[in-house]
Amino acid sequence: MLSDAASLAALWAARYRAGMAPGGLPDEAMLRHLMAHRSVRAYRPDPVPESVLDGAVAAAQSASTSSNLQVWSVVAVKDAERRGRLAELAGGQAHIRQAPLFLAWLVDLSRLARMGEARAHATEGLDYLETFLVGVVDATLAAQNAAAFLEAQGLGIVYIGGLRNHPEQVARELGLPDRCMAVFGMCVGHPDPDRPAAIKPRLPQSVVLHRERYDIAGEGEAIGRYDGADEAFQCEQGLAPRAWSDVMLRRVAGPQSLSGRDRLREALDVLGFALR
Ligand SMILES: Cc1cc2nc3c(=O)[nH]c(=O)nc-3n(C[C@H](O)[C@H](O)[C@H](O)COP(=O)(O)O)c2cc1C
């Protein structure tokens, strides 16, 4: 596992940039592994073995799935030209071109639609936002299980939300049937040791963990501290320093900050989702 070399205290310091005695935490290999996650955007060209892909899908299918509906699928793309086209559709992201394997994680209501059609059975329940959401949740849980497994194999991953910039074109490129949409992609490959990724700090636990009832006391001050930690991270990475809160607010300022995804509702109609 990536995390074997790092102590829990070192991982905590990297993740939170704040003092805390990790003595109170279970020093589990699994926790160390998960805390060592970092998105990888620079890869060596070596292929990902088929057995590793099989393992990733087994990990993905072992995740919980709402009512065992299993309304997700994944398309594994190795073809360099197809990856190139997907890279452009996702906003010109070079790492999609570079990573030897690209996984497109799908919310897939088409399987149940086909099953219903084959038996002349009603499937009206597929036409509700609820069922679409079930597919998104299922695909996400499956993908994250796969990600944790792939990272345990020493591979690097980065999720690609840019796959939602042009949902209809992505669906055509991947030959998706109606009621099937790529919710995000995932680059997979061997991290380039010359361009290592670092652990990115996260918000203090006090901001995201609420006990018994939602509580915003101390939130502003904690976010201010996090802005400082994130700025330090940016500087260490040779990136332009900026306050996290400024960047995040810019990202939600209006439809123009959504990279074309402001028309997702319309795209879902085209892709055959009713979403009542
Ligand atoms: C659903 C999802 C979509 C993402 N989309 C992209 C993307 O299109 N391009 C990219 O470079 N990173 C993408 N990321 C990676 C995030 O930017 C990254 O996880 C975040 O900055 C935290 O960094 P870390 O993963 O290194 O801890 C995505 C992450 C998630 C969970």
Side-chain angles (χ1 to χ4, degrees), residues 2-3 6 10-17 31-43 60 63 72 74 77 83-99 101-107 133 135-148 150-152 155-167 169-170 181-189 191-192 195-205 207-208 226-227 229-234 236-240 242-252 257-261 264:
L2 277 177
S3 49
L11 291 164
W12 185 277
R15 188 60 80 199
Y16 293 113
R17 302 283 170 123
L31 180 58
R32 276 184 275 126
H33 171 61
L34 294 173
M35 285 187 69
H37 160 76
R38 74 284 312 261
S39 289
V40 170
R41 297 182 180 86
Y43 300 92
W72 65 273
V74 60
V77 179
R83 278 190 286 109
R85 290 191 293 273
L86 291 170
E88 289 318 305
L89 287 171
Q93 300 202 44
H95 31 278
I96 303 178
R97 228 178 264 286
Q98 197 184 50
L101 175 64
F102 184 76
L103 300 176
W105 295 92
L106 315 175
V107 50
L133 199 54
V136 174
V137 172
D138 269 15
T140 306
L141 296 178
Q144 182 54 28
N145 255 20
L150 290 163
E151 289 178 334
L155 292 161
I157 67 106
V158 62
Y159 282 93
I160 301 295
L163 220 50
R164 294 192 304 277
N165 293 5
H166 300 284
Q169 288 95 321
V170 168
M181 179 208 162
V183 271
F184 48 77
M186 183 187 283
C187 298
V188 184
D192 180 348
R195 290 184 290 163
I199 292 177
K200 194 182 275 188
R202 292 289 195 269
L203 287 163
Q205 286 201 355
V207 175
V208 301
Y226 178 64
D227 274 341
D230 191 55
E231 197 158 344
F233 173 81
Q234 289 284 115
E236 286 160 22
Q237 299 305 304
L239 303 168
R242 83 286 190 269
W244 173 83
S245 50
D246 289 344
V247 178
M248 297 307 131
L249 287 175
R250 274 203 295 279
R251 287 198 75 125
V252 296
S257 9
L258 293 181
S259 312
R261 297 178 218 169
L264 190 56

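One-based numbering, in listed order, for ligands and for the atoms of each.
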Please list, in number order, the atoms of ligand 1 under 4.0 Å from a heavy atom of [X].
{"X": "H95", "answer": "11 (O)"}
{"X": "Q93", "answer": "7 (C), 8 (O), 9 (N), 10 (C), 11 (O)"}
{"X": "R38", "answer": "26 (O)"}

Could you find the nearest protein heavy atom to [atom] and give me its residue, atom name and distance?
{"atom": "atom 19 (O) of ligand 1", "answer": "S39 OG, 3.4 Å"}
{"atom": "atom 21 (O) of ligand 1", "answer": "K200 NZ, 2.7 Å"}
{"atom": "atom 7 (C) of ligand 1", "answer": "Y159 O, 3.4 Å"}

Taking D227 for the side chain and W244 for the main chain, is one N or O donor matched with an acceptor at less than 3.5 Å?
yes
Looking only at non-hydrogen atoms, the one of R15, R164, R41 nearest atom 17 (O) of ligand 1 is R41
Check I160 against ligand 1 and report side chain, backbone, both or neither, counting heavy atoms closer than 4.0 Å.
both
Residue pair I160, I96: steps toward the side-chain contact (heavy atoms from CB on, under 4.5 Å) verdict:
CA-CA 9 Å; I160 301 295; I96 303 178; 3.7 Å; yes
Are any of the N/O atoms on G162, whether in the backbone or the side chain, positioned under 3.5 angstrom from an N/O atom of ligand 1?
yes
When only distance counts, is G161 in polar contact with ligand 1, meaning an N/O pair under 3.5 Å?
yes
Could you state the interatomic distance from CG (L249) to OG (S257), rounded to the nearest 0.5 Å?
10.5 Å
Measuring from I199:CD1 to F233:CZ, what's the distance to the nearest 0.5 Å?
9.0 Å
Do R97 and E88 pass the salt bridge (Lys or Arg N to Asp or Glu O under 4.0 Å) test, and can you show the C-alpha distance, the side-chain angles, and the key distance before you say yes or no?
CA-CA 9 Å; R97 228 178 264 286; E88 289 318 305; 2.4 Å; yes
State plainly whether the residues E236 and R17 are in salt-bridge range, i.e. N to O under 4.0 Å.
yes
Donor + acceptor pair across side chains of E231, Y226 (<3.5 Å):
no
